[in-house]
Amino acid sequence: MEPSHIEENKSLNFIEEIIDNDLKEGKYDSILTRFPPEPNGYLHLGHASSICLNFGVAKKFGGKTNLRFDDTNPVTEDTEYVESIQEDVQWLGFEWANIFYASDYFDQLYDFAVQLIKQGDAYVCDLTSDEIAAQKGTPTEVGTNSPYRNRTVEENLQLFADMKAGKYKEGEKTLRAKIDMTSTNMLMRDPLLYRIKFAHHHRTGDKWCIYPMYDFAHGQSDSIEKITHSICTMEFVPHREVYDWCIDKLGIYPSKQYEFARVNVNYTVMSKRKLKQLVEEQHVAGWDDPRMPTISGMRRRGYTASAIREFCDRAGIAKREKINDISLLEFCVREDLNKISLRRMAVFNPVKVIITNLENEIVLDIENNPEDETTGYRQVAFTKEIYIEREDFVEEPQKKVFKMEVGKTIRLKGAFIVTCDSVVKDVDSNIREIHCSYHPDSKSGQDTSGIKVQGTLHWVSVQYAVPVEVREYNRLFKVENPNAEEGDFKEYINEHSLDIIPTAYAEPELANATLNDHFQFLRKGYFYLDKDSTKDKIIFNKTVGLKDGFTKK
RNA sequence: UGACCGAUGGUGUAACGGUAGCACAGAAGUUUUUGGUGCUUUUAGUUGAGGUUCGAAUCCUUGUCGGUCAACCA
């Protein structure tokens, strides 16, 4: 296969450049990448970036991508995560060539270990965890050799077989690579290859009581699958030396590792460990809480896969530490939702308006989406009693305010121009109702009144409105970078990250909303049906607000 | 007092020794039956110091700053 055609005008990121060169030099006929999550948590936006990169470059250069679960630590892994990860990858719009598990390779990995032992490149060590740490040295001091380093091949073979047979307790023995205790790379100081764990594995059950470490599983798994470009994040840079060492000693297919910097976004955290804490300590309602930067949380909130892909694309791939501005993500979400969302009206904090000169209801046809005329129109009844937002009525006249006030004339979206005549207050001088008269010749689309108005308000019919719960979300953390602050990151959780409006009034069409629909509530923002909605309790999540041009003085 | 990785507007990202560009954010204007959208304009940048070169964001030296590494995690 020939190297593919790249759009001339768009520059390649450094990974794509490497691949492009490899292909041009004929180093590979085609490329194969992999996305290798550990099934110990839900995927987040950082993973989305990795997914887009791995699947994206393969697609771009005519290659393929495997999904491989890096399941070498049975105590933290679970099938729940395996399932959510598959769902998330597919939802994002990617197809894997194969789905594999590192645990598929346990037999072969065991044989690899035996091979290293026979070559004199690995040994069984009896040191405890603490002892190993002590003789490992520090980044500035070399380590010292284990007293078990020079066991004979025969002895090592027997000991390793006994480890596998379950003759030793956890922590009693490990298999270590014999590399160099004086290396400036701590990971090259005789890294552990296998450890004993009497744990039930989600796929291999109780077959094994020894499990390979990351460094003895990942590179070999890549090699077994003949992955050409193994792309991971920067913290694995020092592991590359071990990765290459294993492949070299084993004499197997030389997959190559490349590293890029992980994606961060301000006002949130992007680490599985921290997200897990938020879930387990119930700071959020679950992995798919709409405030979470997880794929499932964003999906539930109403973000689209294409918006997330666009964000990953715009955020780019590089090697430097970076914290993206959340506003870029929100821009991508709005950009997509503006095009596809159906326009609807909902009033969150109602005040009643009486159209004094209207007796019989008038059925209006209102456009579903001005950005897409193929979505057509819906029918909405204009009735004598309607709700508008309480905040859309002002008692004190203000200049340049597009709201209703006594004596002022404004338009009701998709309906008529109305003039506000008076207000009725209760004994506590709260506004009970507002009296308006409508101009019959100002019907939307057929306006012959010639009246110019300053402002258009959204509204719903009192008679036909359906009550819905609305959930609005704010940033999860009060500070831009919770990781950089003093103390525990959870001290910076924003306690006002969720606002619930128990009863908002929505136009009746919204009672038929499904998880396939994205809505824009006019002048409010984008909303998406929550998956926990029922017939009797309809819940909408605010995906993101409209851009607010009102900030000017 | 180590090794490795990195440093371009507020943020993110281009440039491959030859005009520092793009996007987001910000500002101004315009259109508008959403204070949305669209359109126009605009503010703002090469980590410091040396060197190589006709010419350096780019190459070299050195300083500074940030990140990573001492889990039987991945």
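Proteins come first, then strands; the chains are lettered A, B, ... in the order of their sequence lines, and each starts at number 1.
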Checklist outcome for this item: Pairs under 3.5 Å (Watson-Crick or G-U), crossing ones as [ ], inter-strand ones as |: RNA chain B comes out as .((((((..((((....[..)))).(((((.......)))))....(((((..]....))))))))))).....
Next on the checklist: Checking A/Phe160 now: which residues fulfil ring pair (Phe, Tyr, Trp, His ring centres under 6.0 Å) with it, not counting sequence neighbours?
Outcome noted: A/Tyr110, A/Tyr194
Next on the checklist: Run the ring pair (Phe, Tyr, Trp, His ring centres under 6.0 Å) test against A/Phe236 and tell me which residues pass, sequence neighbours left out.
Outcome noted: A/Tyr214, A/His239
Checklist entry - Can the ring centres of A/Phe540 and A/Phe521 be said to be less than 6.0 Å apart? => result yes
Checklist entry - Quick one: salt bridge (Lys or Arg N to Asp or Glu O under 4.0 Å) partners of A/Glu16, sequence neighbours excluded? => result A/Lys60
Item to check | Phosphate-side-chain proximity, A/Lys322 and B/rU13, N/O vs OP1/OP2 below 4.0 Å | outcome: yes
Checklist entry - Which residues satisfy the salt bridge (Lys or Arg N to Asp or Glu O under 4.0 Å) test with A/Glu38, sequence neighbours excluded? => result none
Item to check | A/Arg390: partners by side chain to side chain contact (heavy atoms under 4.5 Å, CB included), with sequence neighbours left out | outcome: A/Asn349, A/Val351, A/Ile431
Next on the checklist: Going by the rule ring pair (Phe, Tyr, Trp, His ring centres under 6.0 Å), which residues pair with A/Phe393 if we only count those two or more places apart in sequence or in a different chain?
Outcome noted: none
Next on the checklist: Can you check the distance between B/rU37 and B/rG50, where both ends of the measurement are the P atom (answer in whole Å)?
Outcome noted: 48 Å
Pairs under 3.5 Å (N/O, protein and nucleotides 22-24 of chain B):
unit_1 : atom_1 : unit_2   : atom_2 : d
B/rA23 : O2'    : A/Arg314 : NH1    : 2.6
B/rC24 : O2'    : A/Ser327 : OG     : 3.3

Next on the checklist: Applying a 4.0 Å non-hydrogen cut-off, can you work out what A/Ile323 is touching in the nucleic acid: base, sugar-phosphate, or nothing?
Outcome noted: sugar-phosphate
Distances under 3.5 Å between nitrogen or oxygen atoms of protein and nucleotides 41-46 of chain B:
none

Checklist entry - Hey, does the side chain of A/Thr233 reach the backbone of A/Glu235 with a donor-acceptor pair shorter than 3.5 angstrom? => result no
Item to check | Protein-to-nucleotide contact annotation, 5' to 3' order, nucleotides 69-74 of chain B [B base; S sugar-phosphate only; - none; under 4.0 Å, heavy atom] | outcome: SB-BSB
Checklist entry - Which part of the nucleic acid does A/Lys443 contact within heavy-atom distance under 4.0 Å: base, sugar-phosphate only, or nothing? => result base
Checklist entry - Should the pair A/Phe527 and A/Phe348 be assigned to parallel (<30°), tilted (30 to 60°) or perpendicular (>60°) ring geometry? => result perpendicular
Checklist entry - If you measure only the distance, is there a donor-acceptor pair under 3.5 Å linking the side chains of A/Ser223 and A/Ser255? => result no
Next on the checklist: Going by the rule side chain to side chain contact (heavy atoms under 4.5 Å, CB included), which residues pair with A/Arg411 if we only count those two or more places apart in sequence or in a different chain?
Outcome noted: A/Ile417, A/Ser442, A/Ser444, A/Asp447, A/Val453, A/Thr456
Checklist entry - Quick one: ring pair (Phe, Tyr, Trp, His ring centres under 6.0 Å) partners of A/Phe382, sequence neighbours excluded? => result A/Phe416, A/Trp459
Item to check | Phosphate-side-chain proximity, A/Arg240 and B/rC5, N/O vs OP1/OP2 below 4.0 Å | outcome: no
